[in-house]
Structure formats: C-alpha cells, structure tokens
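Written out below as structure tokens is the structure these notes cover.
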Number of protein chains: 2
Amino acid sequence: MPRKPNYDRDELIERARDLFWKRGWAGTSLKDLEAVLEMKPGSFYAAFGSKEALFKLAMEKYATDGRERLKALAQEHGPIKALQRFPKMVVENDTAPAKACMLSKTLLELHAHKHPLAHEANLHLLKMEAHFAELFQQAQSAGDIDVSHDPKVLARRYQSDLLGLRVSAEREGVDAKAIAAEIANGLIRL
Amino acid sequence: MPRKPNYDRDELIERARDLFWKRGWAGTSLKDLEAVLEMKPGSFYAAFGSKEALFKLAMEKYATDGRERLKALAQEHGPIKALQRFPKMVVENDTAPAKACMLSKTLLELHAHKHPLAHEANLHLLKMEAHFAELFQQAQSAGDIDVSHDPKVLARRYQSDLLGLRVSAEREGVDAKAIAAEIANGLIRL
DNA sequence: TGTATACTTGAGTGATCACTCAAGAAAGCC
DNA sequence: GGCTTTCTTGAGTGATCACTCAAGTATACA
C-alpha cells in the first residue's frame with residue numbers, strides 16, 4: 001500500500017554531514033540543505049524531523065566512520081603503526097570537506113550556548129579517545145611502547161595533538177604534513 | 001561645539017571581544033551586542049559601522065593582548081620559561097570568556113565561507129607564531145634549546161600543540177592542566 | 001483498475017537577522 | 001541664553017531564518 005521514498009537515506013545523511021562539517025551549524029541553512037539533498041522542505045521534515053536531528057545523525061556518521069577508519073588501520077598495520085599513520089591520513093585526505101575535525105568544530109561553535117549538539121560532540125570525542133587508549137595499550141603489549149606510560153594519558157595527549165594538527169591544517173601557509181610527521185615520530189620515543 | 005560620546009570606546013571593544021570570543025560570529029546577534037554594550041542600534045552603527053567592523057577590532061584587541069602577555073612573560077622569566085608557562089597560563093585563566101583561542105574559533109567557523117574575518121584570524125595566528133619563533137631562537141642563544149632545531153619548526157609545532165590544548169580545554173572531563181604540563185615538559189628535552 | 005497510503009510539493013508562517021533614519025536630547029562655544 | 005554640532009533614541013526596513021501544512025502525486029496491493 002505505501003509508497004517508497006525515492007532517495008537513499010544513508011546517502012542523504014552523508015551529504016548533509018559533508019555540508020555541516022564544512023560550514024558548521026549556523027553556517028548551514030535549510031536552503032543549503034534543500035539544495036544539496038535535493039529535497040523540498042516538506043520532504044526534509046518528513047524524513048528527518050528537524051535540522052538538529054539531521055545534524056545529530058550526520059555527526060554520528062562522522063564519528064563512527066572515523067572510528068572504523070582507525071580500526072581498519074590497526075587491523076592492517078598493527079596498533080603503533082596505526083597511531084603513527086592516522087594523523088598523516090587525516091591531513092592528506094583532500095576529498096574531505098574540511099581538514100578540521102567536525103566534532104571539535106561543533107564543540108567550539110555550540111559549547112557556549114550549551115547546545116545539546118555540543119554535548120553530543122563531546123561524547124563522540126570521548127569515545128574516540130577511548131579507542132586511542134586501547135591502541136596505546138595494545139602497542140604496550142606488543143612491546144612498542146614502554147609500559148611505564150599510562151595509556152589513557154597517552155591517548156589524551158595524542159588526541160589533543162591531533163585536534164591541534166587539524167586546526168593547523170585548516171590554516172593557510174602551514175605545512176600540516178610536517179606536523180603530522182612530527183606527531184608520528186614522537187610516538188617512537190615512548 | 002560638538003558633543004562627546006558617553007562611553008569608553010576601548011572598554012566597549014573589550015566587552016564585544018569577550019562576547020564574540022565566547023559565542024562566535026554567527027552566535028552573537030546585534031541584540032546581544034546592544035545588551036552588553038548598552039547601546040541602541042543607532043549609536044552602535046555610528047560608533048562602529050557594522051558588526052563585522054567591530055569583530056575585527058575585537059579580534060585585533062584579542063591578538064595584541066595575547067602577544068603582550070607573552071612578551072611580559074618573557075621579560076619576567078626569560079624566553080624558555082615563558083614558553084613553558086604560557087600554556088598553563090592560558091588554561092588556568094578562569095576569567096576568560098572561553099578556553100579555546102578566539103582566532104582558531106573564528107578561523108574554523110568562517111574559513112569555509114571565505115569570510116574576510118577568517119583571513120584576518122589567519123594573519124593574527126601567523127604573527128603569534130612568529131613571536132613564538134623569536135622566543136625559541138632566544139632560548140637557543142641562551143643555551144636552553146639545542147641549536148640543531150629550526151626555531152620556525154619549533155614554533156609551528158608549539159602553536160599547533162597550543163591550539164590542540166585549548167580545544168581540549170573546552171571539552172568536559174579533560175584535564176587540560178595536565179596536557180599543558182606535558183607540553184611544557186616537552187620543551188626541556190629539546 | 002481501484003483504492004488506500006505514503007511521499008512530494010511549494011507557498012506561506014511568525015520570528016529574528018543586520019541595519020537605517022528621522023527626530024529629539026545634550027554638550028561646547030559665543 | 002542661543003546656536004551649532006554631535007550623539008542618542010527606537011520604531012521600522014527588507015531579507016532570511018527554521019519550519020508547517022494542505023493539496024497534489026505516485027506506488028503497492030486488492
């Protein structure tokens with residue numbers, strides 16, 4: 001009896017993610033979304049409910065994709081190599097809508113307003129940090145990093161450096177690849 | 001013959017800076033500014049011309065204040081100690097409107113729109129980086145840092161770490177002071 | 001093919017956006 | 001006190017914001 005929608009929901013969320021990632025929350029208007037998703041307002045609200053609900057979906061996709069890329073890297077090269085390659089990978093991805101992390105952008109834009117999406121971004125960052133800690137611990141088990149270090153401390157610092165790297169990569173005239181290499185090299189001396 | 005304005009322009013710019021710093025460009029409405037500056041729209045536009053013009057002034061004040069704080073630190077403690085203390089100082093300043101750097105917030109928010117203010121933020125960041133490089137060079141002359149390092153490379157990395165630190169400080173549940181201490185310690189081993 | 005059921009359309013909602021401007025108030029000089 | 005000049009006031013500008021909804025359209029099952 002029903003009629004099926006003539007779009008791929010997941011693909012729409014990806015397109016929305018790219019737009020939100022690039023332009024931020026306030027910088028993305030519904031008109032922009034309508035253009036990119038090729039949807040009229042009625043369909044949009046029937047499909048997603050609100051701009052905020054779609055942003056949340058987009059951010060979830062962003063976060064899980066990031067974790068999966070890290071996981072894939074670890075499976076292929078092992079924990080320490082994954083941690084070393086990740087910064088470079090992030091910075092060299094020229095197809096990405098922005099160099100900076102969508103989670104940090106969201107956090108910085110909306111934290112002062114105590115917007116629920118800022119809290120959401122925070123949670124995703126925590127999850128990623130936990131993932132980093134896990135890899136650091138595995139690297140210790142493999143003998144690649146001295147066990148005197150607390151993996152959680154290493155992960156906290158690593159993520160901080162990564163966030164800094166990605167802000168720097170958004171700047172003009174800054175050699176982000178060089179910084180990424182420095183971060184990678186810093187892991188050898190642990 | 002004329003009538004003098006009944007406000008202190010510099011103080012108004014400071015108040016605007018605090019609001020912009022905290023809430024960002026799009027997050028700060030003219031209504032917000034009118035409330036904080038205690039000005040009606042007519043006076044506001046007579047005094048500053050536009051929201052963008054005031055933001056630019058606010059960002060300039062932010063940038064020069066930052067450079068002066070660093071300079072004061074260097075004069076009191078010397079270059080290497082200044083570089084070590086600066087991250088801690090930034091993170092521990094509880095009176096600041098936000099932990100994150102106003103320049104990076106502006107850059108991340110407006111870079112995708114190619115907004116002139118993003119370019120402006122970029123220039124201020126470059127100036128600050130040059131200041132860092134100068135201190136690194138002075139620290140080398142003083143024998144505190146090995147001369148094998150390029151001060152410009154050190155400054156680039158230092159600023160990246162600092163930006164990451166300040167994003168991390170904006171998060172909840174992250175011990176930013178610990179990261180600041182790690183950054184400071186990292187400078188000893190150079 | 002008829003009908004029920006969803007999806008699509010797009011003009012329209014009130015609210016808020018940055019900004020304007022004419023009129024009134026206050027200060028400095030004679 | 002009168003006059004000039006600037007500052008202050010605040011209602012009002014069109015544009016854009018996120019969002020709604022009634023009407024039209026297409027699809028799947030009978």
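Naming convention: chains lettered A, B, ... in sequence-line order (proteins, then strands); numbering from 1 in each chain.
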**Q.** Sugar-phosphate only, base, or nothing, as touched by A:Ser43 at under 4.0 Å among non-hydrogen atoms
**A.** base
Q: Give one of base, sugar-phosphate or nothing for A:Tyr7, where a contact means two heavy atoms less than 4.0 Å apart.
A: sugar-phosphate
Q | Evaluation steps, side-chain contact (heavy atoms from CB on, under 4.5 Å), between B:Leu19 and B:Arg23 | A | CA-CA 6 Å; B:Leu19 197 59; B:Arg23 306 218 208 196; 3.7 Å; yes
Can you tell me how far [atom2] of [N] sits from [atom1] of [X], to the nearest Å?
X        : N      : atom1 : atom2 : value
B:Glu34  : D:dA11 : CD    : C1'   : 12 Å
A:Leu117 : D:dA18 : CG    : P     : 13 Å
A:His115 : D:dA18 : NE2   : P     : 11 Å
A:Phe55  : D:dA18 : CZ    : P     : 13 Å
A:Asp32  : D:dT16 : CG    : P     : 12 Å
A:Phe48  : C:dT8  : CZ    : P     : 11 Å
A:Met39  : C:dC7  : CE    : C1'   : 9 Å
B:Glu38  : D:dG10 : CD    : P     : 14 Å

Q: Give a yes/no answer on whether the side chain of A:Tyr45 brings an N or O atom under 4.0 Å of OP1 or OP2 in D:dC19.
A: yes
(Q) So, OP1 or OP2 of C:dT8: does either fall under 4.0 Å of a side-chain N or O from A:Lys40? (A) no
(Q) Any carboxylate oxygen within less than 4.0 angstrom of a Lys/Arg side-chain nitrogen, looking at A:Arg17 and A:Asp10? (A) no
Q.
For B:Trp25, does the six-membered ring have the charged nitrogen or CZ of B:Lys51 within the cation-pi criterion, i.e. under 6.0 angstrom from the centroid and within 45° of the normal?
A. yes
Q.
Taking side-chain contact (heavy atoms from CB on, under 4.5 Å) as the criterion, tell me which of A:Leu70, A:Leu103, A:Leu162, A:Leu123 meets it with A:Met128.
A. A:Leu70
Q. Of the candidate nucleotides C:dC17, C:dC19, D:dC19, which contains the atom at the shortest distance from the side chain of B:Lys31?
A. C:dC17
(Q) From C-beta outward on B:Ser29, which listed nucleotide comes closest to its side chain: D:dC19, C:dC17, C:dT8? (A) C:dC17
Q | A:Ala26 vs B:Ala46, nearer the 5' end of DNA chain D by closest nucleotide | A | B:Ala46
(Q) Is it the case that the ring center of A:Phe48 lies less than 6.0 angstrom away from the ring center of A:Phe44? (A) yes
Q) If you pin B:Lys51 and B:Gly42 to their nearest nucleotides in DNA chain C, which one's is more 5'? A) B:Lys51
